[in-house]
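Before any comments, here is the structure.
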Amino acid sequence: MIKITFPDGAIREYQSGITGLDIAQSISGRLAQEVVAISVNGDLIDATRPIITDSIVKLHTFEEKEGKHAFWHTSAHVMAEALEALFPGIKFGIGPAIENGFYYDVDMPNDTVLTDKDFQKIEEKILEISRGKHKVIRKEVPKSEALDFYTKKGDEYKVELITDLEDGTITFYSQNNFTDLCRGPHIPDTSYIKAVKILSIAGAYWRGDEKRKQLTRIYGITFPKKKLLDEYLIMLEEAKKRDHRKIGKELELFYFSEKVGLGLPLWLPRGAMLRERLENFLKKVQKEYGYEPVISPHIGQKLLYVTSGHYEKYGKDSFQPIHTPAEDEEFLLKPMNCPHHCEIYKCKPRSYKDLPVRFAEFGTVYRYEQSGELHGLTRVRGFTQDDAHIFCTPDQLKDEFKKVIDIVLYVFKTFGFEGFTTQISLRDPNNKEKYIGTDENWKKAEQAIIEAAAEKELKTKVELGEAAFYGPKLDFMVKDALGRSWQLGTIQVDYNLPERFELEYTGADNQKHRPVMIHRAPFGSMERFVAVLIEHTAGKFPLWLTPDQAIILPISEKFNNFAKKVANVLNISDIRTLIDDRNEKIGRKIRDAELKRIPYMLIVGEKEEAENAVSVRRQGQNDIGGMPVDAFIKLINEEVNQELKK
RNA sequence: GCCAAUGUAGCUCAGGGGUAGAGCACUUCCUUGGUAAGGAAGAGGUCAUGGGUUCAAAUCCCAUCAUUGGCUCCA
C-alpha cells in the first residue's frame, strides 16, 4: 500500500500502481470523468500512469491551467492525425498547447497551400477521430529507435528534434493510427474532445529561425463541452468589437493615411484632445514628484547616437541618416530621447546638491519597424513616449526607483488596470556580448531593481536575457477587460549612458563622480496607452478623459435655443458639451449618443425649459431623473474629482 | 522582411466575363415627436494601382501597393 496526500492535506491509502484516474474514481465517478491529468510531487503526468510510491497528488480537470494544457496538447496530436489523413505526406514540426488552444507547425506535401476553406474538413476529421475514443498510449523509446521511426517516415523535422534529445528521455505518445514524439502529459483518451475550432493559419519559421524553411502554423482550440466553445467564440467576437482600430474609427480618434505613410498615425481632433488630457494628467503628477519639463528636437547629429551606442546597435535597422545639402552632414531621426537629455544634463556643472534631476518630455521618436509588424496604434513607426530621465547618485538610485514605481501604480489605479503583472528583465549571463557596460555596473543596477520591487511588494517574474542592451528593466504588463496582456510602463536603470556621455557631478568630497540614470515611461507611449485604454474600456472612457462629456438632446427644434443656452453654461463651467439639434425624434438622438459613448445625455423639452433644468440619462443606464443645471454641474465635478482621487 | 488571406460608395458588406448593388452615414423635403433607429426623394464608385488574356475584365492571370492574421524583430 502507498500513501497519497491530497492538496487539502487529506491522506488516503491505495494499492501501489494505482493511477490518477483510479484515485479520482474512488472519490467520485463524476470527478473521474473530468480528470485529464495529474501532478505527482509537483510533476505533471498522465492520469493513466501508475503511482508506485508515497506521493502528493493533485488531480487536474479542464478547469485548471494544467488540465487545459494536457487537453490542448492531445488536441494538437489529434489534429496532426487528422491532417495526416487529409494530406498524406505532410511533415510535422512542433505542436504545443498555448494559452488559448494549440497549434501545429507543418510542412505541407508538394507545396499544397492550406486555406481557411480547409478548416471545416479538418474540424470534422478531428471530431471523427475523437469520437473513436482512442486511448492515448505512452511509450518510452531508445533514441536509436526514435530516430529510426522518423527516418523511415521521412520526417526530417522530428529527426532533428530527436537528435538534440538525450537518450533515455524520449517518449512517444500514440492514439489510433498516429504516433508523435512528445514529453506529455496527455488526456486518457480522445473522446474528451467534444468541440473543435480551427482558428487561423500563419507562416512560422522552423525553430523560429528566419533563415530556415517557413512552415505552416495551424491554430486551433478544443473544449470538453460544446457550450464552452460557443462561449469562447462569443468572447472572441467581443474582443473584435473592442478592437481599438475599430473604435478609434467609430469615435474619430485617429486615422492612418497611405499618403502620409504606414505606421504614422494622424490624431484627429477628438483623439488629440483626449491625448492632451492624458498628457496634462501626467504632467501634473510629475510636477508633484519634482520633474522638470524639457523639449528636444526631432533629429540629432549622427554623432549623438554614435556616442550613445544606439547607432552601432540599431543603425542598420533604423531610418537612414538625413544629409544636409551643402555640408553633407548626417542627422538621424530621433529614435530615443535619452541622448538629448544627457546633453541637457551636461549644459552646466552639477553638484551632488542638485541631484536628483528629473527631465521629462513627451518626446516623439521614430523607429523603423518592419512593415509586417505594424498594427494599429500599438505598433507604429512614429510615436510619443511619456519619457523622463532621472540623474541621481548611486545612493539615491533605489529611492528614486521606488518613487517611479509609485507613479506607475497611481497611473494604473486611476485607469482601472487592476490585474497588472510586473517583469524584471535581467541580462543573459551566458551571452554578455549582447550588452554594453561593465559587469560591476550591471550587477549594481540589477540589484537595485530587485530590491526596489521587493520593497514595493510587487509580485515579479524574473526573465533572463530580456534586458535592454544598456541596462536591466522593470516592465509593467496590464490585462485588459478580456484578460489579454499588454506591456505598458517601463522603468530602466542605466549606468552606461552616463559613462558614454561622460556625465559628472561634484560630490561632497569635491571629487567628480558619475551619476546613474533611470529611464522611465509610465504609459510607455501615448499611442499604445490610448490603444490599450480603448480596448480596456471599450471606448467608454472615464468622465474626466472622454472627448465629449455631455450632449444636450432637445425634444424638438422648438427647444434648440434653450439647449444652446444650457450648452453655453456647461461649456463655460468646463464641461465638454455638444448639442444634437438635428430634426430627429428623441429616441433617435438617444440611440446615436449611446453609440458615441457620450457619458451624459441631457434631454430638454417644455418642462425643463420652464424649470431651467435638464433631464439626465447616463450612458448605458436609463433615465436618472431631472435636476437643475447647477446641480448637474456639481454632479459632473464630483464624479471627475472621485475619478482622479489618489 | 517572410507566409497566407483580403482590397467594391464615407462606414459595414453582397455580387461577379456583357446597364455597379444593399444597409447605415450624407443632402433636400415632409414631420415637431418625451428616453436606443419617423417618412419620402436625391446625391455618391476608374470595383486598390499597373500590366496581360478576351470581341468584351470590377470579375480570369501576373506584378505592385495597402490592410488583416501569424513568424522574425522591438532602443
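Just so we're on the same page: letters track the sequence lines, and every chain starts at 1. Quantities reported herein were computed from a predicted structural model and do not represent experimental measurements.
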Which residues share a ring pair (Phe, Tyr, Trp, His ring centres under 6.0 Å) with A/Y311, sequence neighbours left out
none
Is there a donor on the side chain of A/E369 or the base of B/G1 sitting less than 3.5 Å from an acceptor on the other?
no
Measure from the side chain of A/A202, starting at C-beta and using heavy atoms only, and say which of B/G34, B/U32, B/G69 lies closest.
B/G69
Nearest whole Å is fine: how far is B/U35 P from A/E594 CD?
14 Å
Salt-bridged, A/R514 to A/E502, with N to O below 4.0 Å?
no
Taking B/U54 as the reference, what is the distance to B/C61 when you measure between their C1' atoms (whole Å, please)?
12 Å
Rounded P spacing from B/C11 to B/U46 in Å:
14 Å
Give one of base, sugar-phosphate or nothing for A/I201, where a contact means two heavy atoms less than 4.0 Å apart.
base
Where the side chain of A/K585 is defined as all heavy atoms beyond and including C-beta, which of B/G33, B/G70, B/A75 is the nearest nucleotide?
B/G33
Is there a donor on the side chain of A/D317 or the base of B/G1 sitting less than 3.5 Å from an acceptor on the other?
no
Figure out the CG/C1' separation between A/D105 and B/G70, and round it to whole Å.
10 Å
Just the rounded figure in Å: distance from P of B/U67 to OH of A/Y255.
12 Å
Enumerate, in order of first residue number, the stems that involve RNA chain B, defined as 3 or more consecutive Watson-Crick or G-U wobble pairs with both distances under 3.5 Å.
B:1-7 with B:65-71, B:10-13 with B:21-24, B:26-30 with B:38-42, B:48-52 with B:60-64
Taking OP1 and OP2 of B/G69, is either one under 4.0 Å from a side-chain nitrogen or oxygen of A/H375?
yes
Check this for me: does any side-chain nitrogen of one of A/R618 and A/E639 sit under 4.0 Å from a carboxylate oxygen of the other?
yes
What is the distance, to the nearest angstrom, from the CD atom on A/E258 to the P atom on B/G7?
15 Å
Between B/C11 atom P and A/I247 atom CD1, what is the distance in whole Å?
18 Å
Determine the contact category for A/G372: base if any of its heavy atoms lies under 4.0 Å from a base atom, sugar-phosphate if only primed atoms, P, OP1 or OP2 are that close, otherwise nothing.
base
Residue A/Q214, side-chain atoms from C-beta onward, closest of B/U32, B/U35, B/G70:
B/G70
Rounded to whole Å, please give me the gap between NZ in A/K249 and C1' in B/C11.
8 Å
P atom, B/G15 versus B/G33: distance in rounded Å?
44 Å
May I ask you to decide whether A/R245 forms a salt bridge with A/D243, counting only side-chain N to carboxylate O separations under 4.0 Å?
yes
Of the nucleotides B/A36, B/A75, B/G38, which has the atom closest to the A/E584 side chain?
B/G38
Taking O4'-C1'-N9-C4 for purines and O4'-C1'-N1-C2 for pyrimidines, is B/U64 syn (within 90° of 0) or anti?
anti
B/G52 and B/A37: how far apart are their C1' atoms, nearest whole angstrom?
48 Å
In whole angstrom, give me the gap between the P atoms of B/A57 and B/C24.
34 Å
What is the distance from NZ of A/K211 to C1' of B/C3, rounded to the nearest Å?
18 Å
For the side chain of A/Y219, starting at C-beta, report the closest nucleotide among B/A37, B/U32, B/G70.
B/G70
NA contact type, A/E608, heavy-atom cut-off 4.0 Å: base, sugar-phosphate, or nothing?
base
A/I603 has an atom CD1; how far is it from atom C1' of B/A36, in whole Å?
11 Å
Regarding B/C74, can its base be found pairing with the side chain of A/R379 as donor and acceptor, where the two atoms are less than 3.5 Å apart?
yes
With sequence neighbours excluded, residues passing salt bridge (charged side-chain N to carboxylate O under 4.0 Å, His left out) with A/R520
none
Provide the distance between the two C1' atoms, one in B/C3 and one in B/C60, to the nearest whole Å.
24 Å
Under 4.0 Å between a Lys/Arg side-chain N and an Asp/Glu carboxylate O for A/R427 and A/D439?
yes
Would you measure the distance from the P atom in B/A4 across to the matching atom in B/A75 and give it in whole Å?
29 Å
